[in-house]
Amino acid sequence: MSQIKEISIDSMDGKEVSVHGWVYRIRSSGKLTFIVLRDSTGIIQMLSSTRSMSEEQHKELSSLTIESSLEVSGIIHKDERAPTGYEIEIKDYRIYQRNENYPVSKDLGEEFMLDNRHLWLRSREFTAVMKIRSTIFNAFAEFYNTNGYYQVQPPIMVSTATEGGSTLFKVPFFGEEVSLSQSSQFYLETFIYSLEKVYTISPSFRAEKSRTFRHLTEYWHAEAEVAWIHNEEMMDIEEKMIEYIVAEVVKNNEEELKILGRDIELLKKIKAPFPRIRYSKLMEMAKKDWGLDLKYGDDLGADEERAITVHFDKPVFVTHFPTELKTFYHLPDPENPSEILCHDLLAPEGYGEIVGGGERIWDLKQLEERMEEYNLPKEDYYWYLDLRKYGSIPHSGFGLGLDRLCMWIMKLSNIKEAIPYPRTIRRTRP
RNA sequence: GCCGUUGUAGCUUAGCGGUAGAGCACUCGACUGUUAAUCGAGCGGUCGUCGGUUCAAAUCCGACCAACGGCGCCA
C-alpha cells in the first residue's frame, strides 16, 4: 500500500500501485467516472471505466459518495488533465464503507462547522491547519530540547492560584474543591533549582467569560523558566525561539500555507532581533506618531494592540510596564522601582499579545511585601516562598499562548480555527 | 460582567402580513476527459420554542432557548 504523495512523481508513471483513503470528489460522465481520493498526504484523481473493469464494477464505483472509504489498485499515469497531474486507472478495488449522506459539504455556516468539527477536521483546509499546528508544537519543544532544557510536567489540578484571581475553574475533589491550572509558572520555578532550564507544554484553563477572537477557556500554554538570567536575556531566547518556529513552518509546510492563502514572504521576514520598546516610550509614540488616545498608566486594550502592531512587520517586545499594571511576582526595576522588568511580545498584523514574561522577584522580603499588597495568604503560597528561602537566585521565564501563535502564523481570523476542539464559554461539544 | 447580531429542508439561503421558493447534498436517468462537471426528474419544511396581536403570522410584539460577534480581563 502506498501513500498518495509518494506515488505522485514522474518516475512512477506506468507502474502498478495500491492506495487507500476516502472519496474527496466524484464526477461521472457515464462511461467515465473520476474519483478524487484523499489520504493524509494529499489527493489524486482516479479513473473508473469499462476499459479496465467490468460493467458491474464500474457501476458500483460510480455510485460512491463523498467520504466513502476504499482501497484501489491500478496503473498510475502522468496526465495533465488530472488536478494534480497524476491519475490512477483503477483495475481493482475494495469498498470499506459507502456513505449514505455525508453532512459536510461546501457553504458551511460557523455554527454547523463547530458542531461538526469531528467531520470538518477532514477538510483540506483544516488538515493544513493541523499539519502546521503539529510543526509549531514540535518546533517549540525541539528548540528547547536542543538548547539544554528539560521538559517537565506540572500538575493540572491545583490548590493555589497563580494570579490570585477569580478566573479559576473549580472542580469537586473527594469532598473538597480544587482548581484547574491557569499557569504552570510557579511549579516551573520549583524545578530550576535542580534542572536550571525547564519548559512545559500543558493545558491552561481560564474561567473568564471572554468573547473575543483570541480567547479560549482551555488553551495550550507553553512555558519556560530559566535560572540565572535576566529580562533582556529572556527576550534574546524568545526571539530566537519564534524565529526558529516560523522558519520550521516555512520549511515544512509551504503547501499547507498555500492552501490557507498565507503569504509566505511575510513569514520569511520574521528574523531576530525584534524591536524592544519600553512601555513609556510606546505611550509617547502611540500618542504622537499614531494618534492614539493613550497615556502613561493605561493598559493596552485590544484596539490599541491592533493599532500598534499594524505598524510592525515583526513581533515587538513591550518592556518595563508600570508596576500596577502587572501582578505581584514581577521584579521591579532597581533603577526605577515604579516599573517592572517584564515583557509582552505582540505579534504583528494586528494579532497582539502572544507572550507574557519577565524577571521574577527572588528576594524573600520583597516578595512577601508584594504579596501583602495583593492580600495573598502566605500559608497557601508556603512552597513558593520556600523557593526564596533556600538557595534563591535571579531567574526569568515566560508563558506563550500556542494557539495564539498558531493563529498568527497561519493568519487565521479566529482562535477557534487554530485548535481542533475549541472550548469557549458556550461550547464544549464535540 | 456589559453591548450587539442571527435562528426557514441535512447544508447555504430567498421571502419580511395573504397557498413556503432556490442552489448544494442525496436518489433515479442521460453523457468516453471531468476539474466542488453538465442536463432532466425525484426526495426533503410542525419557518428555534412558547405565548400574544390579527379575518389571516415565517413575516408584527413579548418571553425563553441556542449560537455567533464586539468590549473588558488575559496567553
Side-chain angles (χ1 to χ4, degrees), chain A residues 23-36 43-51 58 62-68 77 79-85 87 89 98-116 119-120 123-124 162-163 165-167 182-185 202-223 299-306 325-327 344-347 351-357 398-408 413-416 418-419 422 424-427 429:
Chain A
V23 175
Y24 178 66
R25 302 277 186 265
I26 182 162
R27 300 177 276 273
S28 182
S29 57
K31 295 290 193 317
L32 292 180
T33 296
F34 301 96
I35 300 170
V36 180
I43 58 171
I44 190 166
Q45 177 162 290
M46 310 189 298
L47 177 67
S48 165
S49 76
T50 49
R51 280 201 300 243
H58 173 64
S62 299
S63 78
L64 282 177
T65 50
I66 301 282
E67 286 301 311
S68 293
H77 299 292
D79 193 323
E80 286 187 359
R81 293 170 295 186
T84 62
E87 181 175 271
E89 184 178 12
R98 182 187 180 278
N99 295 328
E100 279 311 311
N101 190 353
Y102 190 66
V104 177
S105 65
K106 63 172 180 174
D107 297 332
L108 297 172
E110 261 172 287
E111 185 179 350
F112 183 82
M113 286 201 301
L114 287 166
D115 284 339
N116 290 281
L119 299 174
W120 174 244
S123 69
R124 283 200 100 195
T162 312
E163 316 278 339
S166 54
T167 63
Q182 56 172 198
S183 165
S184 306
Q185 181 198 321
S202 43
S204 275
F205 306 86
R206 301 274 163 106
E208 287 149 359
K209 295 185 173 176
S210 300
R211 310 188 51 79
T212 81
F213 76 101
R214 57 177 185 166
H215 281 86
L216 294 167
T217 54
E218 174 185 300
Y219 67 99
W220 285 88
H221 211 168
E223 293 167 279
D299 207 350
L300 300 180
D303 290 341
E304 289 81 27
E305 279 192 13
R306 208 171 298 131
L325 285 185
K326 298 280 179 184
T327 191
D344 280 3
L345 182 65
L346 309 183
Y351 280 93
E353 185 177 1
I354 52 173
V355 171
F398 73 88
L400 161 70
L402 279 170
D403 313 283
R404 285 188 178 179
L405 179 66
C406 290
M407 175 171 59
W408 162 56
S413 58
N414 193 296
I415 198 163
K416 284 185 281 195
I419 184 168
T424 63
I425 172 174
R426 289 253 170 92
R427 182 169 290 279
R429 288 192 309 172

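Note that the structure is a prediction, hence the values are computed from the model and not measured. The figures that follow rest on heavy atoms only: side chains count, while hydrogens, waters and symmetry mates do not.
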* Quick one: salt bridge (charged side-chain N to carboxylate O under 4.0 Å, His left out) partners of A:Arg427, sequence neighbours excluded? ->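 Counting only residues at least two positions away or on another chain, A:Arg427 forms a salt bridge (charged side-chain N to carboxylate O under 4.0 Å, His left out) with A:Asp115.
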* Residues two or more places apart in sequence or in another chain: which of them pass salt bridge (charged side-chain N to carboxylate O under 4.0 Å, His left out) with A:Glu305? ->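 With neighbours one apart ignored, the set is A:Arg214.
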* Asked: Which residues satisfy the ring-ring contact (aromatic ring centres under 6.0 Å, His included) test with A:Tyr102, sequence neighbours excluded?
  ->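 Testing A:Tyr102 for ring-ring contact (aromatic ring centres under 6.0 Å, His included), a comparison that skips the adjacent residues, returns none.
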* Only counting residues at least two apart or in another chain, list the ones meeting side-chain contact (heavy atoms from CB on, under 4.5 Å) with A:Ser123. =>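 A:Ser123: side-chain contact (heavy atoms from CB on, under 4.5 Å) contacts with A:Trp120, A:Glu125, A:Phe126.
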* **Listed partners of A:Ser210 passing side-chain contact (heavy atoms from CB on, under 4.5 Å), at least two apart** =>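 Once residues adjacent in sequence are excluded, the partners of A:Ser210 under the side-chain contact (heavy atoms from CB on, under 4.5 Å) criterion are A:Glu208, A:His215.
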Side chain to side chain donor-acceptor pair (under 3.5 Å) against [X], all qualifying residues, sequence neighbours excluded:
X        : value
A:Arg98  : none
A:Thr424 : none
A:Arg51  : none
A:Thr65  : A:Ser68

Nucleotides 1-7 of chain B: which of its N/O atoms have a protein N/O under 3.5 Å away?
unit_1: B:G1; atom_1: OP1; unit_2: A:Lys209; atom_2: NZ; d: 2.6
unit_1: B:G1; atom_1: O6; unit_2: A:Lys209; atom_2: O; d: 3.0

* Asked: What would the secondary structure line of RNA chain B be in dot-bracket form, counting Watson-Crick and G-U wobble pairs under 3.5 Å, with [ ] for pairs that cross earlier ones and | for pairs with another strand?
  -> (((((((..((((....[..)))).(((((.......))))).....(((((..]....))))))))))))....
Restricting both atoms to N or O, compile the protein contacts to nucleotides 27-30 of chain B shorter than 3.5 Å, with distance only.
unit_1: B:U27; atom_1: OP1; unit_2: A:Arg98; atom_2: NH2; d: 2.3

* **Gap in Å between the two P atoms, one belonging to B:A66 and one to B:C61, rounded** =>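 22 Å, rounded to whole Å.
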